[in-house]
Amino acid sequence: MNALASVIEPNDYRPSEDEPFMNERQLAYFKAKLLAWKDEILRESKGTVVNLKAETENHPDLVDRASSESDRALELRTRDRQRKLISKIDEALRRIEDGSYGYCEETGEPISLGRLEARPTATLSVEAQERHERRERVHRDD
């Protein structure tokens, strides 16, 4: 898919319903969006590592120590969520490469551009996601 790499998108381009679904331009747009998102997450996590290393001091005050440990735990949970998000981003990038990006895993129908714009890692259409959540709620209530 080298052609995608060579497509340079202007910053004001937004995919539209007026063009063929998941054409080369749309794929390049979403690939660039996913890569930028991943880069931002990786930059933030490098900062976290630096901060965690820097904050190895032992606070003599119990309240300060508890606050510091709470902050540290929150930061680590956030990084773990972002690690999982990076794996979803990588999966979306693989789908772009294999041609399945933008199509619902359950129905094979196109996922709306609005949904992909809001959640570029989406694998289900809004309708399929709603069905999935309803089934999940029913089984959880049992």
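Numbering of residues begins at 1 and proceeds along the displayed sequence. These values consider heavy atoms only, across backbone and side chains, with no hydrogens, waters or symmetry-generated copies.
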Please round to the nearest 0.5 Å and tell me the distance separating atom [atom1] of [X] and atom [atom2] of [Y].
X   : Y    : atom1 : atom2 : value
L27 : F21  : CG    : CZ    : 9.0 Å
E69 : L74  : CD    : CG    : 12.5 Å
L76 : R81  : CG    : CZ    : 11.0 Å
E44 : D39  : CD    : CG    : 11.5 Å
L34 : I86  : CG    : CD1   : 12.0 Å
L85 : T121 : CG    : OG1   : 6.0 Å

- Task: Go through E24 and Y29 one step at a time and tell me if the side-chain hydrogen bond (donor to acceptor under 3.5 Å, both in side chains) criterion holds.
- Result: CA-CA 9 Å; E24 192 173 289; Y29 171 82; over 6 Å; no
Between [X] and [Y], is there a donor-acceptor pair closer than 3.5 Å when you use the side chain of the first and the backbone of the second?
X    : Y    : answer
T107 : C104 : no
R115 : L124 : yes
S70  : A66  : no
E133 : E130 : no

- Go through the steps to decide whether E127 and E109 satisfy the test side chain to side chain contact (heavy atoms under 4.5 Å, CB included), and finish with yes or no. CA-CA 10 Å; E127 298 79 14; E109 295 293 315; over 6 Å; no
List the steps, then state whether side chain to side chain contact (heavy atoms under 4.5 Å, CB included) holds for R95 with S100.
CA-CA 5 Å; R95 287 194 312 273; S100 63; 3.4 Å; yes
Is any side-chain heavy atom of [Y] closer than 4.5 Å to one of [X]?
X    : Y    : answer
I111 : Y103 : no
P110 : M22  : no
Q129 : E106 : no

On a heavy-atom basis, the closest approach of E19 and R14 is OE2-O, 4.2 Å
*Is it true that D80 and R77 have a side-chain N and a carboxylate O under 4.0 angstrom from each other?*
no
Got a salt bridge between R94 and E91, using NZ or NE/NH1/NH2 to carboxylate O under 4.0 Å? yes
Open item on the list: side chain to side chain contact (heavy atoms under 4.5 Å, CB included) for F30 and L116? Distances and angles first, verdict last.
Closed with: CA-CA 8 Å; F30 284 111; L116 289 172; 3.7 Å; yes
Quick check on K33: does its NZ atom have over 12 non-hydrogen neighbours (other residues, nucleotides or ligands) under 6.0 Å away? yes
inquiry  = Just by distance, no angles: are the side chains of Y101 and Q26 close enough, under 3.5 Å, to form a donor-acceptor pair?
reply    = no
| Are L113 and V126 joined in one hydrophobic group, where the rule is that I, L, V, M, F, W and Y side chains link up if heavy atoms are under 4.5 Å apart? | no
